[in-house]
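Residue numbers start at 1 and run along the sequence shown. Heavy-atom basis, side chains included; hydrogens, waters and symmetry copies ignored.
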Amino acid sequence: MRRTMQIYHGANSGVSAYQIGSDFIVVQFRSGEGYLYNHLSPGRRHVTAMKKLAVRNEGLATYISRHVRENYAEKLA
């Protein structure tokens, strides 16, 4: 599955890119690691909040570190 990532323009963020789907968000960090978050893990409420922050290019890395941490659905290669 080919992913089309959007560049994340948040100032001084650890996030570099993201992809939004109907029930998921993929987040690519500047370290090169990518993670899938979906409605099962960490859940619909968190994914919805993360999507809004991604589109605003504001606060996504902070939200993940404060509320989601390692509660992701899958670590991507």
**Message:** Any non-hydrogen side-chain atom of Lys52 less than 4.5 Å from a side-chain atom of Thr48?
**Reply:** yes
Residue set satisfying side-chain contact (heavy atoms from CB on, under 4.5 Å) with Ser31, at least two apart, ordered chain then number -> Phe29, Glu33
> Do Val27 and Tyr63 share a hydrophobic cluster (ILVMFWY, side-chain heavy atoms under 4.5 Å, transitive)?
Replying inline: yes
In terms of heavy-atom contacts, His9 and Asn57 come closest through N-OD1, 2.8 Å
Under 3.5 Å, is there a donor-acceptor pair between the side chain of Tyr72 and the main chain of Asn38?
no
Which of Lys75, Glu70, Gln28 passes side-chain contact (heavy atoms from CB on, under 4.5 Å) with Tyr35? It is Lys75
### Query
Would you say Tyr37's side chain and His46's backbone share a donor-acceptor pair under 3.5 angstrom?
no
Checklist line | Crowding at CZ, Arg44 (>12 non-hydrogen neighbours, <6.0 Å) | finding: no
One should read off an interatomic distance between Leu40 CG and Asn71 CG, to the nearest 0.5 angstrom, of 10.5 Å
Residue pair Gln19 / Phe24, side-chain heavy-atom distance below 4.5 Å
yes
Indicate if Val55 and Ile25 have the same hydrophobic cluster label, given that clusters are the connected sets of ILVMFWY residues with side-chain heavy-atom separations under 4.5 angstrom.
yes
- Task: State yes or no: do Tyr18 and Leu36 share one hydrophobic cluster built from I, L, V, M, F, W and Y residues joined by side-chain heavy-atom distances below 4.5 Å, directly or via other members?
- Result: no
Distance col, row Lys51:NZ vs Leu53:CG, nearest 0.5 angstrom, shows 12.5 Å
Check: Side-chain heavy atoms under 4.5 angstrom apart, residues restricted to Ile, Leu, Val, Met, Phe, Trp, Tyr: same cluster for Val15 and Val47?
Finding: yes
Distance col, row Ser13:OG vs Arg30:CZ, nearest 0.5 angstrom, shows 6.0 Å
